[in-house]
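So that the names make sense, note that chain A is the first sequence line, chain B the second, and so on, each numbered from 1. Side-chain atoms are counted along with the backbone in the values below, which use heavy atoms only and exclude waters and symmetry mates.
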Amino acid sequence: MRADEFDPLFLSQVRLGIVAVLLQRGAATFPELKDLLGVTQGNLGIHLRKLEEGGYVAVEKEFVDRRPRTTARLTRAGRDAFRRHVERLSRLGD
Amino acid sequence: MGAPLRRRDTGPALHERAAADLQYIRGTMERAAEFSAVPGRGGMAMGGVALLGAAAAQAVLRAGRGDGAWLVVWVATATVAAGIGAVALTRKAARLSAPLSRGAGRRFLFCLCPSLVAGALLTAALARAGAYDVLPGMWLLCYGAGVTAAGAFSPPVIPATGGAFVALGAAALVALPGVPAARLFGDVAMAAGFGGLHLVSGALVARRHGG
């Protein structure tokens, strides 16, 4: 097996982390993801956008008490892709 | 954070990076397993109700209406606050898709509830014995024990709040019973704990953990 056989959207630990958090929680706000993954706001935004463009994550933006809130949820496609990726990793890494 | 799997990785390097990615995924999922649906604004509302309850309890005592009426005020306050907390918790859990019936939500409730039930039973026993001075300290202590235990599966502000409740309750239990102004200071301790601590921790949770 070669690395280029893996889903390119998961060749980043930040994106792996985002999807792992969303798989565990169902949904998470932007500050929660930032805290849990220990990344900067800009870095998280870039990776979240890539996952959203790939259809793996749905991002919802709303205003709560006049403050913007971004909530990310894992889509069905994202869940399936992540499971396939972890299965491949497990065959190699465990 | 370690280096992720790279496109050009092959052979042993690929195996090592796959193992590192798996370890990272497991670690992240463990951290994410904490229960984040503790309601911040709901906690602040509970704090507001507690401050009103403390004022009402003192008014009842000053009017000379006795210990029974004082207890009724606090039980009513606790009932209203618990209702607010339950609704806020349920709504936030639904919004975050964090079910209370399984996983971290279930563990949170299982850790919180026994102390609350113990507090309710002790209230009945101590009131029957006429030990009203002991009640504020016991309430703070029991609530703090439950919040601290439930906080093991929650953001750090929750166990810290539980610890503060325990400390306040312990101080009230040690210092208040038998002293002349025990009832006044008991209500002050209740206002500081159920009012002040809820307002502060609620604001922190609302700001950092989505409302």
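Residues A:L9 and A:K50 are in side-chain contact: their nearest non-hydrogen atoms beyond the backbone lie under 4.5 Å apart. A:K61 places none of its side-chain heavy atoms less than 4.5 Å from the side chain of A:R69.
With a 4.5 angstrom heavy-atom cutoff, A:F82 touches chain B only via side-chain atoms.
Heavy-atom proximity under 4.5 angstrom to chain A picks out B:R207, B:R208 from residues 197-208 of chain B.
Contact count versus chain B (heavy atoms, under 4.5 Å) is highest, among A:D35, A:L22, A:T71, A:V19, for A:D35. Heavy-atom pairs under 4.5 Å with chain B peak, among A:A28, A:A20, A:P31, at A:A20. Listed options B:Q23, B:R41, B:E30 were ranked by heavy-atom pairs under 4.5 angstrom with chain A; first place goes to B:R41.
Residues satisfying the side chain to side chain contact (heavy atoms under 4.5 Å, CB included) criterion with B:R106, sequence neighbours excluded, are B:F110.
Around atom CZ of B:R91, no more than 12 heavy atoms belonging to other residues, nucleotides or ligands sit under 6.0 Å away.
The aromatic rings of B:W70 and B:W139 lie parallel to each other, with less than 30° between the two planes, well short of the 60° mark.
Taking CG from B:D21 and OG from A:S90, the interatomic distance works out to 11.0 Å, rounded to the nearest 0.5 Å. How far OH of A:Y56 is from CG of A:L74: 10.5 Å, rounded to the nearest 0.5 Å.
Between B:R183 and B:D187 there is no salt bridge, since no side-chain N of the basic residue sits under 4.0 Å from a carboxylate O of the acidic one.
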